[in-house]
Amino acid sequence: MMLNMEHLQKRYGKYQALDGLDMEVPDGALYGFVGPNGAGKTTTIRIAAGLLKPDGGTIRIAGMDALQEPYRMKQKIGYVPDHFGVYDNLKVSEYMEFFASCYNLEGLKARRRCRTLLAQVGLEEKEDFYVDSLSRGMKQRLCLARALIHDPSLLIMDEPTAGLDPRTRLEFRTLVRELNEQGKTILISSHLLGDLAELCTHIGIIDMGKMVISGSMEEIVERIRTSRPIIIQVYEHMAEAMTLLKEHPLVRTITVKDQEIMVGFSGNEVQESELLAQLVAAGVRVRGFMREPGNLETIFMEITNHDEERVVLSYEDESGL
Ligand code: ATP
């Protein structure tokens with residue numbers, strides 16, 4: 001596991017910004033960390049990058065206890081903050097060489113490393129430009145090149161595409177994907193799920209200081225699918241259907257409306273098809289049988305929409321049984 005954080009707690013005065021947050025970023029993952037404004041992303045990321053101390057919890061990076069070994073940990077991490085500083089009168093090459101010197105890279109070796117990284121982020125032509133004259137997208141790529149100077153295993157980026165236009169966002173995403181393919185583990189945050197859903201191998205959704213759902217894309221897609229009810233339309237023999245459903249071990253909830261039954265069912269597709277077969281075998285005349293479609297975007301909106309009644313990922317609490 002590249003990054004493992006458990007039970008993180010962080011308060012700002014009376015405000016509980018992180019409330020027992022857990023996060024697992026496997027080796028080689030491209031982990032998208034999503035949540036609405038104020039959910040606690042920056043706080044989490046600053047803790048992971050060793051810039052902020054939590055009030056409680058543990059942080060392990062590549063197996064090391066990050067709170068015990070902050071120096072060794074920082075060698076492993078490259079950090080791209082959510083804002084770019086002001087660098088008056090500094091050329092791109094000077095900027096890069098300055099950060100190289102912070103990692104004891106000097107002279108020809110430093111220049112070579114800086115040049116390679118600038119080429120990697122598509123800024124090789126800009127070496128002699130002043131940093132402040134670069135476009136926002138270029139500054140972001142420069143920041144990325146800087147974060148890679150010491151060849152970190154884990155790259156942590158806080159809302160790197162905020163304020164970029166769609167085309168520049170796309171270019172940045174391509175660059176991030178390339179870095180991941182070259183072996184970097186990447187943790188990237190955004191308040192826009194759409195920014196990350198297609199890019200990432202893993203997703204974690206944070207809300208009000210807690211991780212609400214996390215895992216590989218496949219796991220999450222499956223969990224979302226099974227969190228949606230199966231809608232069964234019965235033409236005849238409703239009572240038989242109800243008897244069978246109430247006794248079924250994978251049925252979590254049943255809600256009946258007219259001739260329609262909404263079933264919270266925690267089985268996979270094979271088990272779904274078996275349920276249908278069992279209903280038919282029990283003499284129930286089934287007219288319709290389908291999972292209500294759900295996708296990551298609707299789940300994200302449901303989780304993070306506090307104005308309306310909260311929809312949870314399991315239907316257990318609404319059990320009609
Ligand atoms: P955004 O997407 O808006 O950047 P975020 O998910 O990164 O949000 P954080 O910046 O981690 O959220 O902030 C979490 C909560 O803690 C917010 O409500 C914020 O107002 C509060 N907060 C953050 N930093 C401080 C601070 N230094 N002092 C007091 N409150 C803070």
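Just so you know, ligand 1 is whichever comes first in the structure, and atom 1 is the first atom listed for that ligand. Keep in mind it's a predicted model, so treat the numbers as computed, not measured.
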Visitor: Can you pull out every ring pair (Phe, Tyr, Trp, His ring centres under 6.0 Å) where at least one residue sits in residues 141-185? Sequence neighbours excluded, please.
Guide: Tyr103-His150
Visitor: Is there side-chain contact between Asp128 and Val92, with at least one heavy-atom pair below 4.5 Å?
Guide: no
Visitor: Between Glu178 and Lys184, does any side-chain N to carboxylate O distance fall below 4.0 Å?
Guide: no
Visitor: Heavy atoms under 4.0 Å from ligand 1: which residues qualify?
Guide: Tyr12, Tyr15, Ala17, Pro36, Asn37, Gly38, Ala39, Gly40, Lys41, Thr42, Thr43, Glu159
Visitor: With a 4.0 Å cut-off on N to O distance, would you call Glu124 and Arg115 a salt bridge?
Guide: no
Visitor: Counting only heavy atoms from other residues, nucleotides and ligands, does the tally under 6.0 Å from OH of Tyr71 exceed 12?
Guide: no
Visitor: Test side-chain hydrogen bond (donor to acceptor under 3.5 Å, both in side chains) on Asp195 and Thr161; report intermediate values, then the result.
Guide: CA-CA 8 Å; Asp195 252 11; Thr161 58; 2.8 Å; yes
